[in-house]
Amino acid sequence: MATRWGICSAGKISHDFTVALKTLPAEDHQVVAVAARKLEHAQEFAKKHSISRAYGSYEELARDPDIDVVYVGVIHPYHLSTCLLFTNAKKNVLCEKPLAMNTKEVREILASAKRNDVFLMEAVWTRFFPASVEIRRLLAQGEMGEVKMVRSEFGVPVMHIPRSGQKELGGGAMLDIGIYCLQFICMVYNGEKPECIQATGVCVDTGVDETVVVTLKFSKNRMAVFTCSSGIQLPNDAIIVGTKGTIRIPAHMWCPTSLVVNGKATEYPVPEPCLPLNFLV
């Protein structure tokens, strides 16, 4: 029986997720409903993606008994309230990154998921690219030896987009794009917490961070550094350096389709989308 999906929010990222989901077999995954704050937006989304049900509120989606899991694609500040709505309705949840605005909110969402015995996951798509799967395999089998340094960066000039500069809308480089760099480092070091974190950055007049540089020190003198910026274009690559070799992830490191392992390049293509996407793949 197919997993039945509900889509919460009819925005650009929800469009991309729904298109990506259609690359999987229909007997395994089906989108059966979409909800938006305005019914006409949900109806338009449903028509574009051939979804049978459209709701003009998130509460209606939460009450739908035929939904197994909800994809939450609302903007950052609404992740807490929206995730709680669905977890308290006993729905499994896949929430866009960042899971919440701060640690307190994350803990509240986690507690609700545990209390209601439902699945909860942060939708960090990078982890599911074939190239990322290969990186984890190489590291798990010790092909790079002991990893000593990881570097990643993500920088694109997006400050002209109003939300990027507004604190109340979850703007700022770290929450929006820096998370990709940080999750990459966490993946390489297998979820280990760093012993030391040092960060410096530049904030704009609205109080959000435009550019941030972070250095992390892990046990056994292993290091990592990442740079994120919503004000400038960076090379947007990443590198993993071990005692036995190096893995380079060419741009764009958050959606990798190729790897260069000890100088040898290999392509890891992804399925072609059935509709144009809003964000880079």
Side-chain angles (χ1 to χ4, degrees), residues 20 97-99 103 106 110 121-156 172-202 209-271 279-281:
K97 59 81 203 168
L99 184 56
T103 303
V106 168
L110 291 175
M121 183 176 176
E122 185 179 30
V124 180
W125 70 331
T126 309
R127 298 288 182 97
F128 298 89
F129 278 74
S132 296
V133 175
E134 176 63 7
I135 289 171
R136 292 196 294 271
R137 186 193 70 80
L138 290 168
L139 297 177
Q141 294 186 358
E143 306 238 358
M144 298 299 109
E146 183 180 12
V147 175
K148 304 298 286 187
M149 170 62 76
V150 184
R151 177 189 58 77
S152 64
E153 57 182 44
F154 190 163
V156 287
M174 188 64 233
L175 280 178
D176 209 21
I177 59 181
I179 186 172
Y180 287 108
C181 300
L182 182 57
Q183 71 79 28
F184 179 80
I185 292 167
C186 291
M187 181 185 77
V188 172
Y189 284 131
N190 202 28
E192 180 181 329
K193 291 184 178 181
E195 294 179 343
C196 176
I197 303 173
Q198 293 181 312
T200 186
V202 176
D209 52 297
E210 182 186 72
T211 301
V212 182
V213 181
V214 181
T215 303
L216 306 101
K217 183 179 180 181
F218 292 81
S219 63
K220 301 178 183 178
N221 294 323
R222 295 168 298 153
M223 300 293 294
V225 61
F226 74 86
T227 305
C228 62
S229 177
S230 54
I232 55 174
Q233 183 74 37
L234 293 173
N236 294 329
D237 59 356
I239 191 167
I240 302 166
V241 182
T243 55
K244 293 182 180 178
T246 298
I247 304 172
R248 189 171 69 84
I249 301 89
H252 300 87
M253 56 75 55
W254 61 91
C255 49
T257 54
S258 64
L259 297 177
V260 182
V261 180
N262 294 332
K264 181 183 178 181
T266 305
E267 297 295 319
Y268 296 88
V270 294
F279 299 102
L280 183 66
V281 297

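In what follows, every heavy atom counts, from backbone to side chain, and hydrogens, waters and symmetry copies are set aside.
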**Student:** Is the shortest side-chain N to carboxylate O distance from R222 to E192 below 4.0 Å?
**Tutor:**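 Salt bridge present between R222 and E192.
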**Student:** Here's a test for you: under ring pair (Phe, Tyr, Trp, His ring centres under 6.0 Å), which of F154, F226, F279 qualifies with Y180?
**Tutor:** F154
**Student:** For residues N262 and M144, determine if any side-chain heavy atom of one lies less than 4.5 Å from a side-chain heavy atom of the other.
**Tutor:** yes
**Student:** What is the ring orientation for F129 with W125, classed by angle as parallel under 30°, tilted 30 to 60°, or perpendicular over 60°?
**Tutor:**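 Aromatic pair F129/W125 classed perpendicular.
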**Student:** Atom CD of E210 and atom SG of C228: how far apart are they, to the nearest 0.5 Å?
**Tutor:**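 E210 atom CD to C228 atom SG measures 10.5 Å (nearest 0.5 Å).
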**Student:** Can you find a heavy atom in the side chain of D237 that is under 4.5 Å from one in the side chain of R151?
**Tutor:**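 The answer is yes; the side chains approach within 4.5 Å.
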**Student:** Do T246 and I239 have side chains that get closer than 4.5 Å, going by heavy atoms?
**Tutor:**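 SC-SC contact between T246 and I239 confirmed.
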**Student:** Mind checking the OG1-CD1 spacing from T215 to I197? Nearest 0.5 Å is all I need.
**Tutor:**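 Answer for the OG1-CD1 pair, T215 versus I197, is 10.5 Å.
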**Student:** So, does D209 use its side chain to make a donor-acceptor pair with the main chain of A173 at under 3.5 Å?
**Tutor:** yes
**Student:** I'd like to check F184 versus I135 (side-chain heavy atoms, cut-off strictly below 4.5 Å). Are they in contact?
**Tutor:** yes
**Student:** Donor-acceptor pair, N236 side chain versus M253 backbone, under 3.5 Å?
**Tutor:**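 Not a single qualifying donor-acceptor pair exists.
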**Student:** Do any N or O atoms from the side chain of Y189 and from the backbone of M223 form a donor-acceptor pair under 3.5 angstrom?
**Tutor:** yes
**Student:** Is the side chain of S132 donor-acceptor paired with the backbone N or O of T126 at a distance under 3.5 Å, no angle test?
**Tutor:**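 Looks like yes, one N/O pair under 3.5 Å.
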**Student:** Could you tell me whether the side chain of T243 and the main chain of E146 form a donor-acceptor pair under 3.5 Å?
**Tutor:** yes
**Student:** Mark yes or no for whether K148, through its side chain, and I240, through its backbone, hold a donor-acceptor pair below 3.5 Å.
**Tutor:**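 Pair absent, no side-chain N/O of K148 close to backbone of I240.
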